[in-house]
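First the structure, in the form of structure tokens, and then the observations on it.
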Amino acid sequence: VCPTTLAVISAALDKMGPEADKVVPLFVSVDPKRDTPAVLKSYLSAFGPRFVGLTGTAKEVDVAAKAYHVFYQVHPGTDANDYTLDHSSVIYLMDQNGTFAANYTLETAPEEMAKDIEKKIRSDIEADVEKIKLDAEPGPEDLYSNVGTSKHYIRGVEMNLSSTEY
């Protein structure tokens with residue numbers, strides 16, 4: 001599931017051209033035991049330089065999974081390092097405020113995803129322009145993106161997840 005999903009996202013971003021620079025694809029691992037920041041960085045590099053991988057402790061990953069209603073279950077094997085992991089596979093699009101904007105499935109074609117994301121970006125920019133027009137003194141919260149910060153937020157809750165971006 002993961003490689004196929006990441007390939008679809010990568011293809012969608014490629015189809016967007018320069019607009020793709022406004023999107024930061026985050027891959028949140030539900031397998032912190034195997035997916036260290038170094039492993040995620042190496043793995044995600046196969047899909048392009050845009051991807052940021054996040055992981056954390058088992059408890060932190062569980063908090064993130066619950067916040068997004070993500071199912072995952074570990075199936076033990078013969079020893080502690082031998083296990084399989086089932087998980088849901090949904091692509092979430094969040095706006096610049098971390099609010100849910102859309103979701104996509106494995107059946108979503110890259111072209112369809114790209115068009116929808118571009119439409120949402122235009123809509124968000126138009127909404128930001130209207131907000132700035134209404135604000136006498138726009139502040140830093142009016143900026144489109146907070147890319148590059150060291151903290152990651154899900155639904156306004158700070159997630160202390162390690163990033164491959166550092």
Side-chain angles (χ1 to χ4, degrees), residues 1-16 19-118 120-121 145-166:
V1 170
C2 295
T4 303
T5 303
L6 293 169
V8 168
I9 295 169
S10 183
L13 293 172
D14 288 346
K15 291 183 181 310
M16 291 174 59
E19 284 292 296
D21 293 340
K22 297 175 183 168
V23 178
V24 178
L26 296 176
F27 176 86
V28 181
S29 171
V30 292
D31 190 0
K33 188 172 183 178
R34 289 189 275 213
D35 291 343
T36 64
V39 168
L40 284 175
K41 184 174 186 172
S42 175
Y43 175 68
L44 293 172
S45 69
F47 302 97
R50 298 179 178 106
F51 287 84
V52 175
L54 299 176
T55 189
T57 66
K59 184 175 181 177
E60 291 165 338
V61 167
D62 193 50
V63 168
K66 285 180 181 171
Y68 280 97
H69 307 282
V70 170
F71 164 82
Y72 71 101
Q73 184 175 14
V74 176
H75 299 282
T78 56
D79 64 55
N81 293 319
D82 176 33
Y83 59 92
T84 59
L85 187 68
D86 291 333
H87 59 81
S88 52
S89 59
V90 177
I91 302 165
Y92 293 99
L93 178 66
M94 310 303 283
D95 69 13
Q96 69 269 20
N97 298 313
T99 304
F100 175 83
N103 68 290
Y104 309 99
T105 67
L106 285 174
E107 289 77 35
T108 306
E111 298 81 8
E112 180 185 344
M113 186 183 297
K115 285 179 185 176
D116 189 61
I117 293 171
E118 288 172 323
K120 301 248 188 299
I121 289 172
S145 175
N146 290 327
V147 175
T149 62
S150 60
K151 298 291 181 183
H152 302 278
Y153 295 85
I154 297 175
R155 293 187 180 164
V157 177
E158 183 178 328
M159 296 299 190
N160 296 309
L161 300 174
S162 303
S163 170
T164 60
E165 187 177 51
Y166 304 144

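Here the structure is a predicted model, which is why all the values come from computation and not from measurement.
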Taking all non-hydrogen atoms of both residues, which atom of [X] and which atom of [Y] are closest, and how far apart?
X: Thr84; Y: Arg34; result: CA-NH2, 4.4 Å
X: Leu40; Y: Gly53; result: CD1-C, 4.0 Å
X: Ala114; Y: Ala12; result: CB-O, 3.4 Å
X: Met94; Y: Tyr68; result: CE-OH, 3.4 Å
X: Tyr72; Y: Ala65; result: CE2-CB, 3.5 Å
X: Leu93; Y: Lys120; result: CD2-CG, 4.1 Å

Within the 4.5 Å heavy-atom criterion, are [X] and [Y] side-chain neighbours or not?
X: Val74; Y: Lys33; value: no
X: Asp86; Y: Phe71; value: yes
X: Thr57; Y: Pro32; value: no

Apply the side chain to side chain contact (heavy atoms under 4.5 Å, CB included) test between Glu19 and each candidate in Leu13, Ile121, Ile117; give the one that qualifies.
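Checked Leu13, Ile121, Ile117 against Glu19; only one passes side chain to side chain contact (heavy atoms under 4.5 Å, CB included): Ile121.
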
If you measure from [atom1] on [X] to [atom2] on [Y], what distance do you get to the nearest 0.5 Å?
X: Met113; Y: Lys15; atom1: CE; atom2: NZ; value: 12.0 Å
X: Phe47; Y: Thr5; atom1: CZ; atom2: OG1; value: 9.0 Å
X: Glu60; Y: Thr55; atom1: CD; atom2: OG1; value: 8.5 Å

According to the interplanar angle, ranging from 0 to 90°, do the rings of Phe100 and Tyr92 count as parallel (below 30°), tilted (30 to 60°) or perpendicular (above 60°)?
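Rings of Phe100 and Tyr92: perpendicular, as their planes differ by over 60°.
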
Begin from the C-alpha positions of Thr108 and Ile91 and carry the test side-chain contact (heavy atoms from CB on, under 4.5 Å) through to its verdict.
CA-CA 10 Å; Thr108 306; Ile91 302 165; over 6 Å; no

Not counting sequence neighbours, which residues clear salt bridge (charged side-chain N to carboxylate O under 4.0 Å, His left out) with Asp95? List them please.
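With neighbours one apart ignored, the set is empty.
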
Determine all donor-acceptor pairs shorter than 3.5 Å in which one atom belongs to a side chain in residues 23-30; sequence neighbours excluded.
| unit_1 | atom_1 | unit_2 | atom_2 | d |
| --- | --- | --- | --- | --- |
| Ser29 | OG | Asp31 | N | 2.9 |
| Ser29 | OG | Asp35 | OD2 | 2.6 |

Yes or no on side-chain contact (heavy atoms from CB on, under 4.5 Å) for Glu112 and Val8, after CA distance, side-chain angles and deciding distance?
CA-CA 10 Å; Glu112 180 185 344; Val8 168; over 6 Å; no

